[in-house]
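Worksheet for the structure shown next.
Convention: sequence-line order gives letters A, B, ...; per-chain numbering from 1. Because the structure is a prediction, the values reported are computed rather than measured.
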Amino acid sequence: MLWVDKHRPTALEKLSYHAELGERLGSMAEDGDIPHLLFYGPSGAGKKTRVQCLLKALYGAGAEKQRLEHREFKTPTNKTIEVTTVASNYHIEMNPSDAGNNDRFVVQEVIKEIAQSGSVLAKTGAQKKGPAFKVILMVEVDRLSRQAQAGLRRTMEKSSSACRLVMICTNPSKVIDPIRSRCLGIRIAAPSEEEIVGVLHEVCEKERLTLPDELAARIAKSSGRNLRRAILALEECKVAQYPFNPSMPVPQPDWEVYIKAIAQDICREQSPARLVATRDKLYELLAKCIPADVILKELCAELVSKLDDELKPQVMACAAFYEHRVQQGSKEIFHLEAFVAKFMVIYKKFMDAMFA
Amino acid sequence: MPPRKRQKATRLIAWPGRDAAPLHERFAPRTAKDLRVYPKTVERVRAWLRRATGRSPDPGGYSSPRLLILAGPAGVGKSATLDVLCREEQLTPVTYRDSYGLGGDGFGFERRPSDFNEPRYESQLDAWARFVRSARYKPLSDDRPAVFVLDDFPTTEGYDDGTSSSRKAFRSILEEVCRSRDRAPCVLIVTGEISEKSDTSIVAERLVGESVMMSPHSELIEFLPVTEKKLRKLLDEVSEGAAWPRRPTISSDTLDALAVAARGDLRKCLSTLEIALRGGTTDPAATHKSDAGVSDVHAVRRICRGGSAKRDSHGRWVDSNGHEVDPDATVMNSKMGPDAFATFVQFNGASDFQSIEDLSEAWRTLSDAELLSARVYVPGRENDAIYPLQYVASLTGRAILVANRRPTPPSFKPARRPKYYDVRASLKLKTFDRRILDAPPRMAMRLGERSYDVLQDEASDVSDIEDSEDEAPRELLAPQPFDEDAMFEAAAAALDAAEAAERERAAAATPAPPPPVPVAPAPAPPVTFESTAPPQTREERAPPPVSQAPAAAPPERKRKKCLLDTSSDEDEPPAAAREVVDLTADE
């Protein structure tokens, strides 16, 4: 088991930071009733950890017995969609955006199903003191299509007696207003670097390792305030070398290294041939499931760090332009390549002017 | 060029007394065997006619058939099938051909004198209804059973939702046909547009309404477009028959081009042949090539070579051979459709650029095209899509044409299948774990075990700029709308095959100045993450990287498709190959 999973806190009291928030969630659970909730905050801040803790506080240890299920849904046009869900007796967790264009059917079907069976189960189940509703945990709601979000809104109203929705997203501005207004929004801020250092030391204590403060600080810094990333990096360091060397390199995700290489290539030469070579690398990244918007963001950050200040606004504007298109269109490669080409033009013009 | 297949072609014999008629009437089918329709379809129609006229028992018993709907694109032989079968089955077809309301003669019977007292004006729909209702009466002169053929019916304000009053009236007449007993059977012939995306049966259902479609007394039989092979054979036979007793003067290549250009429409095919036979142009194939007949390989290359085209004094684009380039038509008429076409152009076009500035401009335009294609309006599909497909076609066709001011010198470059489709296929096999984004190399591999997690990437923070107004499918993983996939697969497979043929062809051709250099598709340099990752130290614990299996899968599948397609579509590749070689030799 990875350390990230192994040392994940399972009770609200045991959370390492945002103590006040934990208390509030705890009192909500004690009360036995929760409104619909929308957790938001950056990646690796502990959104889902908090949700799991909340479920445990609501339903007791039974909420921790989870099983993986593959479910099939039929759309009206007779397409079969397969969605993976994680469920306990008290909740069901799903990522409806896995269903792509057909997410709205999945959302509505699941809620309907729970609304019909959920309350019965809670009444007759072994759990006596527990609340009489089931929880539907939806992750990545910001990636749901508009239609699905609209469908969600209607079903939320109809079935609020039998179930509660707990939603998780990184970007609440992509969730439509009607949904946001029906939920209690809970912001989970990213942990500060000191907090991350604290967690890293905690983990090392449990693993009976000694962690030099310097290394902890460097890992925290390179993680970009993403706790999951910090702990994964820590474990990778442990695998690479133990006892720790305070000056040992902090491993980076390999796709980032890869994007750095692309950025170097692009700056070295600006030509159609180079673009064709770069395209292969972009395809490679896409084939490894790296989302196009992440590629674009990372690539842009990497390029900008190498640039003259004069060029930065231009490049950022152009990146923003194409990032928007990546979100809107369906074939990302068009926009990624167009960004690379545009950057090449900007950069070449600048270099020509400088040396001419 | 040696004439192909000519020896085998049997000669068709023209109908006597129809010398002045168009070819499709002169050589109209005499028996069911002459029909170029799928034999099973013919037999279904025949069986229906027999049951409807009480000549063979109705297997269903209670449901005596009253209305037959023949649906299919234009010129595939719906009416011809019915004509031939009526003749063979000794039935009298009664047709309504009064589409302009010009009088009673077209009905096949006279108007009664008492019509004087009625207002002279009669709406088309009423006239048609009167005709249909007359099916209750037996024809007086003929003791053969009558079949009412509703080949021509009044248009009722487009194929809408059936709310307009004329549409309702039209439907109620058909419902009446289904309900009433003791009337002559009716055959309704519905012509749908040729389009791979719209199903003619849907067109038919929209026209006649659900209750008629669902009635036990009605039956729908669909006709498919005539295959190119069948058309080609027919062209051979007809051209033999038309020229008899002399040898036909038309070249085998022209016939090939005509068969492709007709796109399954037999009548159109024969009328273009007629023009060709009359010597209307010296090279009829040339005029049709620019129409629909170009193979997709050639079309992609033509658009990618767009940079070498110039504008003439009339503002038209003319390529280096002096032929007019019509980017919109080329893209629109491609079999794969504009959205897949854009992907092909984007993948294959880059090597025709010399300057990155031009390329950037063109890529910007292609990005526009892609953006619109994500929101193209498709009738009958429920979403917020609004743009016509022509926008995508126009942008795709012009992106390189306009932007590439300094094209590379001409050389042989085969059009290749975009990698995008391989990537998408491989992604379909993978479950997506966003934690990979946070994981250092070795951890990423271990994460492969867990396939399900929530965690989002940081990237979305930047994307607040997105106006939340429109939501389009944003994921590579997303299943594409309807069957673009399927269409694309077919097109790509054909391309693969054509590409192989091109290379063979180019290799076999006598070297012309400049010699065509077949650029063998070099295998992409193996770029993988594993190469950048430090060597694996704990192999015993790490599971094999998940990504390898899917990565290996696509090529295999691709090859299989390619094989399948070459067997079914043998006519196309040589034509395409010829054209590509021409292109390079002239420049």
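- For Arg364(B) and Phe339(A), the positive end is not near the middle of the six-membered ring at less than 6.0 Å and at most 45° from its axis.
- For Tyr322(A), the part lying near chain B is the side chain, with the backbone staying farther off; criterion is any non-hydrogen pair under 4.5 Å.
- Proximity to chain A is absent for every atom of Asp358(B), based on heavy atoms less than 4.5 angstrom apart.
- More than 12 heavy atoms of other residues, nucleotides or ligands lie within 6.0 Å of NZ in Lys260(A), so this atom counts as buried by the packing criterion.
- Contact between Leu389(B) and Pro338(B) at its shortest, heavy atoms only, is CG-CG, 3.7 Å.
- Ranked by non-hydrogen atom pairs under 4.5 Å with chain A, the options Thr365(B), Asp352(B), Leu372(B), Leu366(B) are led by Leu366(B).
- Per-residue counts of heavy-atom pairs under 4.5 Å with chain B were compared for Pro272(A), Ala261(A), Ala190(A); the largest is that of Pro272(A).
- Looking at Gln252(A) and Arg229(A), their side chains do bring a donor and an acceptor atom within 3.5 Å of each other.
- Using a 4.5 Å cut-off between heavy atoms, Arg274(A) does not touch chain B at all.
- Atoms CD and CD1, from Glu284(A) and Ile295(A) in turn, are 10.5 Å apart once rounded to the nearest 0.5 Å.
- Neither the backbone nor the side chain of Glu361(B) comes within contact range of chain A; no heavy atom of the residue lies under 4.5 Å from a heavy atom of that chain.
- For Lys348(A), the part sitting under 4.5 Å from any heavy atom of chain B is the side chain, from C-beta outward, and nothing else.
- Counting heavy atoms from C-beta on, the side chains of Val175(A) and Gln149(A) come closer than 4.5 Å.
- Most heavy-atom pairs under 4.5 Å with chain A: of the set Ser367(B), Ala342(B), Ala362(B), this distinction falls to Ser367(B).
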